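These notes are about the structure you will find just below.
In this text the structure is predicted, and so the values were computed from the model without any measurement.
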Amino acid sequence: LPEQRPVFIRDREENSYLRSASADVRCKREDLIRMRRNRDIAECPTYSQDDVIIPHTSLKDLDADTFKKFRNHTRYTQMGEIWQGLDDVTFLKKVGAYRRDRESGQEGITLAGLLMLGNCDALAELRPHFHLDYFEYEESEDPNARWCDRISNDGTWPGNLYEFFFRVLPRLVENLKRPFKLDANLLRKDDTPAHVAVREAFANALIHADYHERFGVRVEKRPTGLVFMNPGCLLVPRTQLF
């Protein structure tokens with residue numbers, strides 16, 4: 001279980017090993033760091049890495065256009081209507097993107113706020129391993145086939161999670177059929193179970209990724225289907241997951 005790791009011998013954490021095929025391999029430093037991080041999360045359900053304050057950050061580290069889109073987007077939610085009159089810092093505190101620690105007095109953008117709304121310069125400086133990739137392939141038979149389209153945080157756009165989600169999602173669902181259907185209010189209902197499933201799979205791939213790892217989220221669209229890959233380990237047993 002995550003809360004029991006790392007398991008080591010002779011009372012030294014450095015004497016931890018991972019099973020690799022038929023061999024026991026001594027854990028690397030990053031393996032131990034990952035296990036400690038997962039242990040903290042598993043041991044304390046109220047602990048969240050999203051709430052960690054990034055030192056020496058301010059609203060200048062957020063992308064202004066993304067933040068504006070995000071605020072406008074929240075107008076369509078129940079709480080968003082209540083929060084529209086708030087100043088920017090107070091609004092960000094409400095959504096968990098900005099925080100002040102009561103004990104230390106430290107305040108700034110949280111990890112969640114930076115990844116969700118940050119600008120490309122701040123992300124590159126403060127989270128150099130943070131990476132998002134979308135690849136589209138016309139052929140799926142050849143594993144070495146070249147992609148025909150790609151979206152990556154290459155510095156030409158903000159490169160944050162909010163922008164990535166709304167740039168990629170339309171491409172993932174563009175080939176799904178939308179049969180004519182009315183809801184209870186006789187309004188056109190465009191979402192099908194397939195649209196919901198793709199949106200949820202994509203959102204979960206972003207939400208449950210471990211952004212401390214050295215590789216990022218990768219989404220592939222192929223003629224045979226969609227592939228979502230994200231870094232991190234399961235924090236619950238597989239039996240519980242399934």
Side-chain angles (χ1 to χ4, degrees), residues 1-8 13-14 16-21 23-55 57 61-63 96-97 108-135 147 150-155 157-165 167-169 172 200-221 226-238 240-241:
L1 296 176
E3 59 265 31
Q4 297 172 323
R5 301 173 186 170
V7 177
F8 47 89
E13 198 174 68
E14 294 78 9
S16 300
Y17 292 81
L18 285 173
R19 192 70 173 173
S20 178
D24 292 324
V25 181
R26 186 185 290 271
C27 291
K28 299 179 181 178
R29 180 173 177 271
E30 52 264 33
D31 295 325
L32 295 173
I33 293 174
R34 182 186 304 114
M35 288 186 213
R36 295 190 203 108
R37 189 165 63 241
N38 292 339
R39 181 182 61 196
D40 292 341
I41 297 172
E43 284 183 341
C44 183
T46 59
Y47 171 77
S48 173
Q49 295 183 59
D50 293 345
D51 293 336
V52 173
I53 299 171
I54 308 298
T57 53
D61 295 303
L62 302 182
D63 182 75
I109 302 297
T110 62
L111 178 60
L114 179 69
L115 299 183
M116 185 75 168
L117 306 170
N119 60 52
C120 56
D121 291 336
L123 286 166
E125 177 187 355
L126 301 171
R127 281 293 179 272
H129 299 300
F130 175 69
H131 200 72
L132 305 170
D133 258 324
Y134 165 77
F135 292 95
W147 47 267
R150 181 183 185 185
I151 297 176
S152 176
N153 48 347
D154 54 6
W157 56 287
N160 54 52
L161 291 175
Y162 185 89
E163 295 284 353
F164 185 69
F165 183 84
R167 286 169 184 252
V168 172
L169 183 61
L172 297 178
E200 290 298 306
F202 185 27
N204 281 319
L206 298 177
I207 292 168
H208 298 293
D210 184 349
Y211 292 108
H212 292 278
E213 294 288 356
R214 290 181 175 271
F215 59 97
V217 175
R218 179 183 174 111
V219 180
E220 295 181 359
K221 180 180 181 181
L226 306 175
V227 179
F228 301 94
M229 293 175 278
N230 64 357
C233 303
L234 283 177
L235 299 181
V236 296
R238 287 183 177 274
Q240 181 179 342
L241 173 71

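- Taking OH of Y134 as the reference point, atom CZ of F228 lies at 9.5 Å (rounded to 0.5 Å).
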- Message: Could you walk me through whether D63 and L117 satisfy the side-chain contact (heavy atoms from CB on, under 4.5 Å) test, starting with their C-alpha distance in whole Å, then the side-chain angles of each, then the deciding distance to 0.1 Å, before giving a yes or no?
- Response: CA-CA 6 Å; D63 182 75; L117 306 170; over 6 Å; no

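- Residues E213 and G232 come closest through the heavy atom pair CG-N, 4.3 Å.
- How far CG of L123 is from CG of L114: 4.5 Å, rounded to the nearest 0.5 Å.
- The heavy-atom pair separating A112 from G96 by the smallest distance is CB-O, 4.4 Å.
- Taken to the nearest 0.5 Å, the CD atom of E163 stands 11.5 Å off from the CG atom of L132.
- To the nearest 0.5 Å, atoms CZ (F215) and CE (M229) are separated by 10.0 Å.
- Looking at V217, L111, N230 one by one, the single match for side chain to side chain contact (heavy atoms under 4.5 Å, CB included) with Y211 turns out to be V217.
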- Message: Show, in sequence, the C-alpha distance, side-chain angles and deciding distance for D51 and T110, and conclude whether the side-chain hydrogen bond (donor to acceptor under 3.5 Å, both in side chains) test is met.
- Response: CA-CA 5 Å; D51 293 336; T110 62; 5.9 Å; no

- Message: Let's go through L206 and F202 carefully: what are the C-alpha distance in whole Å and the side-chain angles of both, what is the deciding distance for side-chain contact (heavy atoms from CB on, under 4.5 Å) to 0.1 Å, and is it a yes or a no?
- Response: CA-CA 7 Å; L206 298 177; F202 185 27; 4.0 Å; yes

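- Counting only distance, with no hydrogens or angles, the side chain of N160 and the backbone of G118 share a donor-acceptor pair below 3.5 Å.
- For the pair W157 (side chain) and C120 (backbone), a donor-acceptor distance under 3.5 Å is absent.
- The distance from the CG atom of D133 to the CD1 atom of I151 is 10.0 Å, given to the nearest 0.5 Å.
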- Item | From CA spacing to verdict: side-chain contact (heavy atoms from CB on, under 4.5 Å), V227, F135 | CA-CA 10 Å; V227 179; F135 292 95; over 6 Å; no

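- Taking a 6.0 Å sphere around CZ of R214, one finds it holds 12 or fewer heavy atoms contributed by other residues, nucleotides or ligands.
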- So N153 and F164, side-chain contact (heavy atoms from CB on, under 4.5 Å) or not? Walk me through it. CA-CA 8 Å; N153 48 347; F164 185 69; over 6 Å; no

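- A distance of 5.5 Å separates NE2 of H212 from CZ of R127, quoted to the nearest 0.5 Å.
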